Amino acid sequence: MENVTLNTIFTRRSVRAYQPQQIEEEKLQMLLKAACYAPSGMNRQAWKFVAVQGAERIEEMCRIGGLGGNPFYGAPTVILAFAQNGVIASVESASLALENILLAAHAMELGGCWIHAVKDIFSTPAGKKLAADWGVPADYTIVGSAAVGYPDGPLPEAKSRREGCVIVVR
Ligand SMILES: Cc1cc2nc3c(=O)[nH]c(=O)nc-3n(C[C@H](O)[C@H](O)[C@H](O)COP(=O)(O)O)c2cc1C
């Protein structure tokens with residue numbers, strides 16, 4: 001079956017090497033819009049997205065969060081997703097938003113990769129203060145992040161998918 005959406009899903013890869021050039025503002029706005037168009041539990045949209053741009057800002061975030069290095073593979077943009085505590089399915093909803101970002105990035109010839117280390121950064125007091133300084137309310141918890149940029153090199157081959165993960169009941 002030839003279908004643009006399915007093709008985007010099946011050809012997306014986690015990209016782990018990026019060119020230093022920044023993504024276009026129009027593409028950044030499109031990524032953030034794609035995030036906001038994810039489904040959310042009871043349509044609460046109880047999320048905040050923060051786009052951190054540029055090597056300096058990204059390095060600073062890693063330093064403040066106490067990371068030894070930079071886990072973002074040199075991506076020039078990192079989009080953080082936070083979910084509001086105590087709102088129905090807010091973590092699941094923010095996760096879907098991150099997937100939307102990864103798919104939209106791929107659809108616009110950008111690469112993306114979910115980076116989990118932001119959980120460490122934003123669970124420290126210094127990381128929480130940084131998020132607060134950016135305007136993220138205190139009752140929002142980090143869910144994850146998407147590193148985004150132009151891939152440096154060809155996309156990796158698809159990883160094989162595990163057998164036995166699917167059950168069909170009729
Ligand atoms: C919740 C979650 C956390 C992840 N954390 C990281 C990470 O910290 N660093 C990384 O390089 N990849 C991370 N990944 C990407 C996975 O390693 C990747 O999706 C998996 O190996 C399958 O490869 P693919 O995305 O190319 O299909 C994460 C993915 C998910 C869904």
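All values reported here derive from a predicted model rather than from experimental measurement. In listed order, ligands and their atoms are each counted from 1.
Less than 4.0 angstrom separates some heavy atom of R12 from each of these atoms of ligand 1: 24 (P), 25 (O), 27 (O). Residue-ligand proximity, I115 to ligand 1, at heavy-atom distances under 4.0 Å covers atoms 7 (C), 8 (O), 9 (N).
Residue contact check for ligand 1: E157 places no non-hydrogen atom closer than 4.0 Å to it. Note on ligand 1: G144 sits outside its first shell, no heavy atom being nearer than 4.0 Å.
Under 4.0 Å from ligand 1, the heavy atoms of C113 that appear belong solely to its side chain. Contact annotation: for K159 versus ligand 1, heavy atoms closer than 4.0 Å belong to the side chain alone. Proximity of E99 to ligand 1, defined as any heavy-atom pair under 4.0 Å, is not found for any part of the residue.
Regarding atom 12 (N) of ligand 1, its nearest protein heavy-atom neighbour is R16 NH2, 3.1 Å. When only non-hydrogen protein atoms are considered, atom 25 (O) of ligand 1 lies nearest to S14 OG, 2.6 Å. Annotation: atom 8 (O) of ligand 1 to nearest protein heavy atom, H116 N, 3.0 Å. Of all protein heavy atoms, the one closest to atom 14 (N) of ligand 1 is W114 O, 3.4 Å.
Taking the six-membered ring for Trp, F82 and F122 have ring centres closer than 6.0 Å.
You'll find the side chain of S90 stays beyond 4.5 Å of the side chain of Y140, heavy atoms only. Inter-residue side-chain proximity for L110 and Y150 is flagged as met; some heavy-atom pair is nearer than 4.5 Å.
More than 12 heavy atoms of other shown residues, nucleotides or ligands fall within 6.0 angstrom of atom CE in M108. No more than 12 heavy-atom neighbours from other residues, nucleotides or ligands sit within 6.0 angstrom of CD on E157.
When atom types are taken as modelled, the side chain of R161 and the backbone of A158 share no donor-acceptor pair closer than 3.5 angstrom.
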What verdict does the side-chain contact (heavy atoms from CB on, under 4.5 Å) test give for Y73 and D152, after you've listed the backbone C-alpha separation in whole Å, the side-chain angles of each residue and the deciding distance to 0.1 Å? CA-CA 10 Å; Y73 304 111; D152 189 11; over 6 Å; no

